[in-house]
Asker: 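Below you'll find the structure I mean.
Please read all numbers here as calculations on a predicted model, not as lab measurements.
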Amino acid sequence: YFCFPSAEHPYSHLIDTLEHGGLKFFNPQKFNDPRYDKLPLSIRVLLEAAVRNCDGFYTKEGDVQSILDWQQQQNKAEVPFSPARVLLQDFTGIPAMVDLAAMRDAVAKHGLDPSLVNPKCPTDLIVDHSLQIDYSKCAIQNAPNPGGGDGPNQSHGPSRSTPSRPPSRGGSQCGGQRGSCSKAACNDPPSSSGQSPASVQQIENTPLLCPFHLKPVSEIRTVQNLYLTVATLLSAKQWCSKAFKNVNVVPPDIGAVHQVNLEYLSRVVQISNGFIYPDSVVGTDSHTTMINGLGILGWGVGGIESEAVMLGQPLSLTLPQVVGCKLLGTINPLTTSIDIVLGITKHLRQAGIAGRFVEFFGPGVSQLSAPDRTTIANMCPEYNATVSFFPVDQVTLKHFKKTNFTQEKLEVLESYLKAVKLFRSYEDPSEDPEYSEVIEINLSSVVPYVSGPKRAQDRVAVSNMKEDFQSCLDEKVGFKGFNISKEKQETRVPFLHCGQKYELAHGSVVIAAVISCTNNCNPSVMLTAGLMAKKAVEAGLVVKPYIRTSLAPGSGMVTHYLSTSGVLPFLSQLGFEVIGYGCATCVGNTAPLKEAVVDAIKQGDLVTCGVLSGNRHFEGRLCDCVRANYLASPPLVLAYAIAGTVGIDFEKEPLGKDDIQGKEVYLCDIWPSREEVQQTEEDTIISSIFKDLRGRMEKGNTFWNNIECPDSVLFPWDHKSTYIRSPCFFSKLSKEVPPPQSIENAHALLFLGDKVTTDHISPAGSIARASAAAKYLQSKRLAPREFNSYGARRGNDAVMTRGTFASIKLQNRFIGKSGPKTLHIPSGQTLDVFEAAERYQRDGIPLIILAGKDYGSGNSRDWVAKGPYLLGVRAVIAESFEKLHKNQLVGMGIMPLEFLPGQNADSLELSGKEKFTITLPDTLSPRKQLTVTTSQGKSFIVTALFDTEMDVTFFQHGGLLRFVARTFLK
């Protein structure tokens, strides 16, 4: 979306031609400046964007030089960044699209072509946040077992019976052979007797459950309900996808915004009008940072920032410090991906790197797969970094071969990245940049742990497990101890099971459950367990039949990729059969142990063990006679199940003997290598996921495709809609920029203290029944149950303006207690903030806000400046501002004015009830000092926080939206 360069472009001399493909690109290496080779690669992306978008207004040559001089300017210079694209989830996307639709109306009123109004920056809008949960707290009785295992009338012995298929009343099958249900059955209502067509008994006051999906039938129809509930919203999104250029709308039921970004939208490089340049993104989803794991620079922003980027305004950021995270050493063979991710996260959290970029380098990076890298990048909020950047290398290219990249595209991508030195060979230290700081993490120091035997926080290194369990037997009863006397620690109790003799001892494993929920949902971890099961079976190892084994995948996708990779039969052969999709072992839903096993435990007063890969394991929770319970990764659950005891040193002791030669088999003999796991992951899981996603994207959504959508350039506003309304941001829009107008005899709408956050300012969450927004919706004949949330109604300025400053936690000094109220000064009445503002506007009285320190801190929200603007607020006078919010105010044409150092409302003895006049000069300039006078005869100086000429321009136009609209008018 940059202005494609002509001979007048200040950096046209840097334009080069790519040998492979003939594409043009800006080549920063042609600066012939040694500083470029020392820049972190994430900073090189910022530099390329500044060079390419240098227009003398948004981005100046001085900005380019500041980035090139990063070593000296880091944490000092303010620089612009124009990302290649914008990613929106629908809650934040709808207000932006509504603004553009209203801008088209304004342009059309001036007799110009409204189709000229489009986002300047390519934008993807993913419809995923509109879904809401209408049903919860469900129960199920007598349901057919969808995944195998012991049914209610089956024996609990070692043999596994094939479950019977639930009865069907016809219709196509939606779940495959195992535990399938008919779609007809899912859609049929329960009979009057309470029995579903699939013989599932409905418990009183709980929704009917589908026996395959194990969720309410009504939730299976959630998408249909969604369309009925917010048809206007979806129709508007459909119109946007057709009417606007540069807008791509991903319909509902495709995937969550960050997953679609990662699996479908990521490009690594962009190609437009014959130019190639790095892909980069800002998104309104907190998981946007995942994309840095693929070498794509991106992070999360608020709705108003994303809208500004859509309209062509770059983000403004302080040139960040970049912490180099050097990965060394070799990963322990037993260490899983989750161990590595959590280990690195722990190191970075302790390093104190808030607000900085992190960039990974060193020979250890090559050992991390692309999913590992995206998971680490996604953990940014855990250690407060802005991004965790992994430059593209051969591992990244290998990943993209399995996705939606053709060989030709990969060759172009690699050729370009190498030409501008954005491609890394992590084994070559000569390519290492200079960083603000370097943190070294030795991957060999990350060792596998288990947690237990009673609490999740009691972590035990697997290498110390045998000794630790022995110490637990010795210690007195407590968080870890069992107080077993020395003479009883060697107790062994024989028993018979299925005609064979076995014996139990302290530490014997009697429950082993593989669960792929929470932190064990990483495919590589489950694949490791599956591949290990395959090797164990091939080596002749078995799990003792009295051990209660189970496999509870977190979703059908887990079963799918275990089956696709061919490892599911081997898990079943070891006794780990799919029992269903839901919480089981870790909430105590384990079938009783065999009576002979229980008797042996009680006879010897044994401390037997349960090992599971879930997240709950309190003493006695799995089974009241199983006192020691450990959380472990899925492959370690298998290992301890095969060994039959936790009292084993895997490095020195064998798991068992093969049944052919009697050769001892150690854990290292059957544990799959990381390369083997990653190869299987890439070949089966990754390709399967991308194939499925591509198929769904191409096929589309039936409901979405059938939505009636007008084929018009202008949006046909439905005046009855309470979800979407044309905002009045463009009322009385003139072609010419009006001269600066002083603010005369303004009243203070609010008199606030320190640390007023965006939560206090911008509406969020549910709509309170007594609020101004609720009164408006009730006037439209909506019942409280139909209010929905502020988030869903972001496209209606009438609702959002009424919700501004509607927080029950707002501390207004005019009132003296918390609540969404203020003083209407002329009448002396206490009113809702909106009602007071409405009166002031009716009387033609401008408004200001008085505040203390850190005004506007907290998370960004799109209505945090739009709301005050529509309330009639012309200026905010505060001791200090959150930088991001200050920019938002400027972007809406509201003046952020700062008291001089050492001054505030109290030191100036302001009551807030005065009338305020703010005199503006004919010519404004950045950081201009202005005079404020009051009706009480006082005057004081404030600083207008316009940091750049661009800020001044936006303010003079009445905000960014009006500025952009005027560019079309001219």
Asker: Quick one: do the S436 and Q74 side chains pair a donor with an acceptor below 3.5 Å?
Answerer: yes
Asker: In Å and rounded to the nearest 0.5 Å, what is the CG to CD distance from L319 to Q73?
Answerer: 7.5 Å
Asker: Holding to side chain to side chain contact (heavy atoms under 4.5 Å, CB included), I want the full list of residues that pass it with N118, two or more places apart in sequence or in another chain.
Answerer: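 Applying side chain to side chain contact (heavy atoms under 4.5 Å, CB included) to N118 gives R104, F244, K245.
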Asker: Among V301, V79, N887, find the one that has a side chain to side chain contact (heavy atoms under 4.5 Å, CB included) with L315.
Answerer: V301
Asker: Name all residues meeting the side chain to side chain donor-acceptor pair (under 3.5 Å) criterion together with S444; count only those two or more places apart in sequence or in a different chain, and write none if there are none.
Answerer: N442
Asker: Would you call D33 and K38 a salt bridge, using N to O less than 4.0 angstrom?
Answerer: no
Asker: Could you go through D55 and K60, starting from their C-alpha distance and side-chain angles, then the distance that decides it, and tell me whether this counts as salt bridge (charged side-chain N to carboxylate O under 4.0 Å, His left out)?
Answerer: CA-CA 6 Å; D55 60 358; K60 300 180 179 180; over 6 Å; no
Asker: Could you pull out all residues at least two apart from F389 that satisfy ring-ring contact (aromatic ring centres under 6.0 Å, His included)?
Answerer: none
Asker: Of all the heavy-atom pairs spanning L413 and L397, show the shortest one and how long it is.
Answerer: CD2-CD2, 3.5 Å
Asker: For K409, I'd like to know if atom NZ has over 12 heavy atoms of other residues, nucleotides or ligands within 6.0 Å.
Answerer: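 More than 12 heavy atoms, drawn from other residues, nucleotides or ligands, come within 6.0 Å of this atom.
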Asker: Using the test side chain to side chain donor-acceptor pair (under 3.5 Å), find all partners of K398 that sit at least two apart in sequence or belong to another chain.
Answerer: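 Residues passing side chain to side chain donor-acceptor pair (under 3.5 Å) with K398: Q679.
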Asker: By the ring pair (Phe, Tyr, Trp, His ring centres under 6.0 Å) test, which pairs, at least two apart or in different chains, include something from residues 294-331?
Answerer: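 The answer is F81-W299, W299-F357.
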Asker: Does a donor on one side chain sit under 3.5 Å from an acceptor on the other, for E78 and S316?
Answerer: yes
Asker: How far apart are the closest heavy atoms of P83 and S280, and which atoms are they?
Answerer: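 Shortest heavy-atom contact: CA-OG, 3.3 Å.
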Asker: Below 4.5 Å, heavy atoms only, C-beta onward: do P363 and L328 meet side chain to side chain?
Answerer: yes
Asker: Can you tell me which residue pairs pass the salt bridge (Lys or Arg N to Asp or Glu O under 4.0 Å) test with a partner in residues 306-334, sequence neighbours excluded?
Answerer: E307-K866
Asker: Give a yes or no on whether a salt bridge exists between E48 and R52, defined as a side-chain N under 4.0 angstrom from a carboxylate O.
Answerer: yes
Asker: Do any pairs count as a side chain to side chain donor-acceptor pair (under 3.5 Å) and have a residue in residues 360-369, sequence neighbours left out, and if so which ones?
Answerer: S366-E427, S369-D372
Asker: With a 3.5 Å cut-off and no angle check, do the side chains of D63 and S66 form a donor-acceptor pair?
Answerer: no
Asker: Listed by chain and number, what are the side chain to side chain donor-acceptor pair (under 3.5 Å) partners of D37, not counting sequence neighbours?
Answerer: K421
Asker: Write down the atom of L297, the atom of N292, and the distance for their closest heavy-atom approach.
Answerer: CA-OD1, 3.4 Å
Asker: Ring centres of F26 and H9 under 6.0 Å apart?
Answerer: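 Yes, ring centres under 6.0 Å apart.
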Asker: Which atom names give the shortest non-hydrogen contact between E431 and F423, and what distance separates them?
Answerer: OE1-O, 3.9 Å
Asker: For the residue pair Q888 / E305, report whether a side-chain donor-acceptor contact shorter than 3.5 Å exists.
Answerer: yes
Asker: Where does the angle between the aromatic ring planes of F390 and F360 fall among parallel (under 30°), tilted (30 to 60°) and perpendicular (over 60°)?
Answerer: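 Parallel: the ring planes of F390 and F360 meet at under 30°.
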Asker: Run the ring-ring contact (aromatic ring centres under 6.0 Å, His included) test against Y435 and tell me which residues pass, sequence neighbours left out.
Answerer: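 Result, ring-ring contact (aromatic ring centres under 6.0 Å, His included) vs Y435: F361.
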Asker: Considering non-hydrogen atoms only, spot the tightest contact between R85 and Q270 and give its length.
Answerer: CD-NE2, 3.6 Å
Asker: Has Q407 got more than 12 heavy atoms of other residues, nucleotides or ligands less than 6.0 Å from its CD?
Answerer: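 More than 12 heavy atoms, drawn from other residues, nucleotides or ligands, come within 6.0 Å of this atom.
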Asker: Who pairs with K418 by side chain to side chain donor-acceptor pair (under 3.5 Å), at least two apart in sequence or on another chain?
Answerer: E414
Asker: Residues in ring-ring contact (aromatic ring centres under 6.0 Å, His included) with Y36, at least two apart?
Answerer: none
Asker: Does any pair with a residue in residues 303-354 pass ring pair (Phe, Tyr, Trp, His ring centres under 6.0 Å), and if so which ones, sequence neighbours excluded?
Answerer: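 Output for this query is empty, none listed.
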Asker: With a 4.5 Å cut-off on side-chain heavy atoms, are L68 and L47 touching?
Answerer: yes
